[in-house]
Number of protein chains: 2
Amino acid sequence: MSLSYALLSILNILPMTGYDLKHQAFDQTVRYYWPADQSQIYRTLKRLTEKGMLTATVEDSDQGPDRKVYHVTEKGRQALADWQRTDQQPPTIRDPFLIQMSFGSELTNDELHSLIAHQLEVHRAQLAEYQAIPIPPREAFPQNRWLALQHLTLDLGRRIERAYVEWLQMCLDADLPAPEGQEPRLLDNPDN
Amino acid sequence: MSLSYALLSILNILPMTGYDLKHQAFDQTVRYYWPADQSQIYRTLKRLTEKGMLTATVEDSDQGPDRKVYHVTEKGRQALADWQRTDQQPPTIRDPFLIQMSFGSELTNDELHSLIAHQLEVHRAQLAEYQAIPIPPREAFPQNRWLALQHLTLDLGRRIERAYVEWLQMCLDADLPAPEGQEPRLLDNPDN
DNA sequence: TTTGACTATATGATATGTCCTATAGGAGAG
DNA sequence: CTCTCCTATAGGACATATCATATAGTCAAA
């Protein structure tokens, strides 16, 4: 669902090919909030075309194979406009590291430490990546609504990653009871 | 993958049925970092049994139908132990609201405001839910390693939701340039 | 001139996740 | 005695996402 509207959103600004969508849009910015595989993009474009949301025009390129440029139809524009005004569900969180943390009481402190340190590295790198995204400062184009929204969107990414980094640092510093403590119990085990 | 190890992790602490896994473990706590559907749990239990990671013992219940209790085998325990020590990828973020924000420059301020207000409501509710999870205070069992890890895990959830709430509040207050500003452009459009 | 890199589209296979429905025992309400 | 709720397991259908591979044109380097 959402991938379709991400594609419609981009193509509504600028008609382009599946290849461009992948390399210019998704790989550069969109992946931070909605990653998508090449094959998934092509298949979704096909489906949206069949549904009458998009039309494709084949243009021959001076360098490389023909380019199939997708344009949003009036029907697609209407469907997009409706979706853009519809409240969305919050994101589903699926973090395998939290399974490890939550059930990691049998690991040694060193083992836990190592897992946490790795996550810290990864999330620091992610934060650094967000900081490095080459987006013009708002002051450069103070009247650009689109740019303002890009900055806001990017700022959430940074806040989330900062939250991870701060939490992971706290976890590293936390001194846990020794592994040979009490028997682990499920939070909701009636015996608890 | 991760769902399998979540199941093994839980069953390694306490053997139980698919029903219990769903209602006692996933619905209560695990869903915050790895939600799972009932049918997915049952199918994964079946697959893990076929792989020799689990064994099932059917016990007749005094009230209700028979209970199929799953136990982790030695092979399963070993596979779990390996996974528990393996570094994990950071979570994939897929937030449809950020598609709306990122490409929402054609919406009116009122329309954007309404979308943001809804997200704020939802994330505030989520934060409140985290605050309300009935987990005994660490001080009550200061030697319980498992409990300490539960608190750490829960704390990340709270931090993330707080980051969302603070960001959304900032978005509400942000004064954006009017919709009739400059033409929207893709960040990585060469013409930019 | 072959090889590799980049542009460009497409499909098969598989994994994962969601929604819905079927089946069935036991308990309590009406 | 039927209806509903809770416990309990299971599978069909579908949607979504990932991984791998095939095809093909253009260009530059070896």
Side-chain angles (χ1 to χ4, degrees), chain A residues 1-7 11 15-28 30-31 33-51 54 56-70 88-89 91-96 99 188 190, chain B residues 1-7 11 15-28 30-31 33-51 54 56-70 88-89 91-96 99 188 190:
Chain A
M1 262 283 97
S2 296
L3 177 61
S4 297
Y5 293 108
L7 293 171
L11 295 174
M16 59 178 92
T17 67
Y19 189 86
D20 292 336
L21 281 162
K22 173 64 176 157
H23 295 270
Q24 310 304 320
F26 279 84
D27 285 357
Q28 304 297 320
V30 180
R31 71 176 160 112
Y33 47 87
W34 204 278
D37 186 73
Q38 177 257 83
S39 65
Q40 210 190 349
I41 291 173
Y42 277 101
R43 268 190 268 245
T44 307
L45 287 171
K46 193 185 170 191
R47 196 163 51 76
L48 287 172
T49 306
E50 285 160 4
K51 281 193 185 176
L54 296 176
T57 59
V58 178
E59 303 173 4
D60 76 283
S61 163
D62 41 336
Q63 51 171 26
D66 287 354
R67 294 167 50 82
K68 203 165 162 182
V69 178
Y70 288 93
Q88 300 300 313
Q89 297 276 124
T92 300
I93 292 166
R94 277 203 174 81
D95 192 340
I99 303 176
D188 33 34
Chain B
M1 262 281 99
S2 296
L3 177 61
S4 298
Y5 293 108
L7 293 171
L11 295 173
M16 59 178 93
T17 67
Y19 188 87
D20 292 336
L21 282 162
K22 173 64 177 157
H23 295 270
Q24 311 305 321
F26 279 84
D27 284 357
Q28 304 298 321
V30 180
R31 72 177 160 112
Y33 45 88
W34 205 277
D37 185 73
Q38 177 256 86
S39 66
Q40 210 190 350
I41 290 173
Y42 277 101
R43 269 189 268 243
T44 306
L45 288 171
K46 193 186 170 191
R47 195 163 51 76
L48 288 172
T49 306
E50 285 161 3
K51 280 193 186 176
L54 296 177
T57 58
V58 177
E59 301 173 5
D60 76 282
S61 164
D62 40 335
Q63 51 170 28
D66 287 355
R67 294 166 50 81
K68 204 164 164 184
V69 179
Y70 288 93
Q88 300 300 314
Q89 298 275 126
T92 299
I93 292 167
R94 277 204 174 81
D95 191 341
I99 304 176
D188 32 32

Atom pairs, protein N/O to nucleotides 3-6 of chain C N/O, distance under 3.5 Å:
none

Taking Q28(B) for the side chain and H23(B) for the main chain, is one N or O donor matched with an acceptor at less than 3.5 Å?
yes
Sequence neighbours excluded, the answer for side chain to side chain donor-acceptor pair (under 3.5 Å) partners of R43(A) is none
Contacts of Y33(B) meeting ring pair (Phe, Tyr, Trp, His ring centres under 6.0 Å) (sequence neighbours excluded), chain-then-number -> none
What is the distance, rounded to the nearest whole Å, between atom CD of Q89(B) and atom P of dA15(C)?
18 Å
Integer-rounded Å distance: dG11(D) C1' and I41(B) CD1
16 Å
Within this structure, what is the CG-to-C1' distance between D60(A) and dA24(D), rounded to whole angstrom?
15 Å
So if I define the base as every atom that isn't primed, P, OP1 or OP2, how would nucleotides 17-25 of chain C read as a B/S/- string at a heavy-atom cutoff under 4.0 Å?
BBB----BB
Sorted by chain and residue number, the side chain to side chain contact (heavy atoms under 4.5 Å, CB included) partners of K51(A) (sequence neighbours excluded) come out as R47(A), M53(A)
In whole angstrom, give the distance that lies between atom CZ of R47(B) and atom C1' of dT14(C).
12 Å
State which residues pass side chain to side chain donor-acceptor pair (under 3.5 Å) with R67(B); sequence neighbours excluded, sorted by chain then number.
D20(B)
Rounded to the Å, how far apart are F26(A) CZ and dA8(C) P?
17 Å
note: K22(B), atom NZ; dC6(D), atom C1'; distance rounded to Å ~ 16 Å
Suppose we screen for side chain to side chain contact (heavy atoms under 4.5 Å, CB included). Which residues come up paired with A56(B), at least two apart in sequence or across chains?
K68(B), Y70(B)
Using ring pair (Phe, Tyr, Trp, His ring centres under 6.0 Å) as the criterion, list what pairs up with Y5(A), not counting sequence neighbours.
W83(A)
What is the distance from NZ of K51(B) to C1' of dA15(C), rounded to the nearest Å?
11 Å
Give the rounded distance in Å between these two atoms: OH of Y42(A) and P of dA20(D).
19 Å
Are OP1 or OP2 of dG11(D) and a side-chain N or O of K46(B) less than 4.0 angstrom apart?
yes
Tell me, please, which residues at least two apart from Q38(A) pass side chain to side chain contact (heavy atoms under 4.5 Å, CB included).
K22(A), Y42(A)
Closest approach of G18(B) to I41(B) (non-hydrogen atoms, all atoms of both residues):
O-CG2, 4.2 Å
